Amino acid sequence: MDKAWYEVGNWSLDANMSPKLDKALTEFTSRIDDEMFQRFGQEFICIVDCAIGASTIRPLDVACAPHAKKKFRHQVYIMIFRREVERLSEKATLGEVAHEFAHLLLRLDHKIDSETIPTGEDMADTLAVSWGFEEEINLNLAEWEALEGPTRGRGHAAR
Ligand SMILES: [Zn+2]
């Protein structure tokens, strides 16, 4: 059987990830500034592209046996992209990636679970735009709307 994951630093990427999403992830990491790159690089992130319904971040709290006496736990973030991302253009796919990383940063640095609060989608978009992904975010919004209508947006459960 083929390898299920390939690893880049602390990140584990689904080895069967779609080439388009893989390319968007590579472009995202090449465009963010060094500080942001280091920030995300510190975190344990698993990236998967088979979510049903919505792209999302799922934190996983893992108890670590060698640290058990200290009650130390490892936080792993599972970033899962919707299957339907395949239907987006390359730029809109990059917008999806930037949007999910913005959700992750809001969680990491501000302890905000922006996927469950009403203004969370806008917060994530605004943050991604501030990183220089305005065109990609606008295309992402427009393409989801064309595919699924204005009420679905990116298809987060909270919407
Ligand atoms: Zn979102």
Side-chain angles (χ1 to χ4, degrees), residues 2-51 54-82 85-86 88-117 119-141 143-144 153-154 156 158:
D2 290 338
K3 240 180 122 204
W5 298 95
Y6 69 94
E7 288 173 17
V8 184
N10 287 338
W11 297 11
S12 299
L13 282 77
D14 186 343
N16 296 312
M17 180 174 291
S18 85
K20 186 159 64 178
L21 187 56
D22 198 30
K23 194 177 163 200
L25 282 161
T26 304
E27 192 170 345
F28 175 77
T29 52
S30 73
R31 275 180 49 183
I32 52 177
D33 64 31
D34 284 349
E35 194 185 338
M36 196 66 69
F37 186 77
Q38 306 275 348
R39 181 73 189 88
F40 286 126
Q42 289 165 12
E43 303 296 333
F44 290 89
I45 306 175
C46 296
I47 303 175
V48 183
D49 69 344
C50 60
S55 299
T56 185
I57 313 267
R58 297 184 189 160
L60 183 66
D61 200 18
V62 187
C64 177
H67 295 123
K69 284 183 188 132
K70 294 176 189 161
K71 293 204 188 316
F72 189 90
R73 300 176 78 87
H74 295 280
Q75 193 80 64
V76 178
Y77 297 96
I78 306 179
M79 183 176 290
I80 312 164
F81 289 92
R82 298 180 63 184
V85 168
E86 266 312 291
L88 300 177
S89 67
E90 286 191 10
K91 275 191 176 170
T93 302
L94 180 54
E96 186 86 3
V97 168
H99 176 88
E100 287 309 306
F101 273 92
H103 275 309
L104 179 58
L105 196 79
L106 288 164
R107 195 185 269 281
L108 291 171
D109 285 1
H110 305 286
K111 308 283 177 247
I112 297 170
D113 179 359
S114 54
E115 291 184 1
T116 59
I117 58 174
T119 55
E121 293 312 293
D122 292 339
M123 288 170 74
D125 285 337
T126 303
L127 186 55
V129 166
S130 78
W131 295 339
F133 295 98
E134 182 168 10
E135 190 189 351
E136 290 81 1
I137 290 292
N138 288 338
L139 266 175
N140 181 279
L141 286 166
E143 289 185 24
W144 278 135
R154 292 190 185 80
H156 275 295

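Owing to the predicted nature of the structure, the values given are computational and were not obtained by experimental measurement. Residue numbers start at 1 and run along the sequence shown.
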From [X] atom [atom1] to [Y] atom [atom2], the distance as rounded to the nearest 0.5 Å:
X	Y	atom1	atom2	result
Leu94	Lys23	CG	NZ	10.0 Å
Ile47	Leu21	CD1	CG	8.0 Å
Glu100	Arg82	CD	CZ	10.5 Å
Thr93	Lys20	OG1	NZ	4.5 Å
Leu141	Glu96	CG	CD	9.5 Å
Met36	Thr29	CE	OG1	13.0 Å

(request) Measure from the side-chain N and O atoms of Glu115 to the backbone N and O of Ile57, and report whether any donor-acceptor pair falls under 3.5 Å. (result) yes
(message) Using a 6.0 Å cut-off, check whether atom CZ of Phe37 has over 12 heavy atoms from anything other than its own residue.
(response) no
(request) Look at atom CD of Glu35 and say whether more than 12 heavy atoms of other residues, nucleotides or ligands are closer to it than 6.0 Å. (result) no
Validation row: [X], [Y] side chains within 4.5 angstrom (heavy atoms):
X	Y	value
Glu121	His103	yes
Val129	Phe133	no
His110	Leu105	no
Ile80	Asp49	no
Pro59	Gln75	yes
Arg107	Asp113	yes
Met79	Thr56	no
Trp5	Cys46	yes

(message) Please determine whether side chain to side chain contact (heavy atoms under 4.5 Å, CB included) holds for the pair Leu13 and Asp22, giving the CA-CA distance in whole Å, both sets of side-chain angles, and the decisive distance to 0.1 Å.
(response) CA-CA 9 Å; Leu13 282 77; Asp22 198 30; 4.1 Å; yes
Which atom pair, heavy atoms only, marks the closest approach of [X] to [Y]?
X	Y	result
Met123	Ile117	SD-CD1, 3.9 Å
Ala24	Val97	CB-CG2, 3.9 Å
Leu106	Ser114	CD1-OG, 3.5 Å
Ile137	Ala128	CD1-CB, 3.7 Å
Ala92	Glu143	CB-OE1, 3.3 Å
Arg31	Gly132	NH2-O, 3.0 Å

(request) Using a strict cut-off of less than 4.0 Å between a Lys/Arg side-chain nitrogen and an Asp/Glu carboxylate oxygen, indicate whether Glu135 and Lys91 qualify as a salt bridge. (result) yes
(request) Report yes or no: do Glu43 and Trp11 form a side-chain donor-acceptor pair below 3.5 Å? (result) no
(message) Checking His99 against Glu136: is there a side-chain donor and acceptor pair closer than 3.5 Å?
(response) no
(request) Look at the aromatic rings of Phe101 and Phe40 and report parallel, tilted or perpendicular, splitting at 30° and 60°. (result) perpendicular
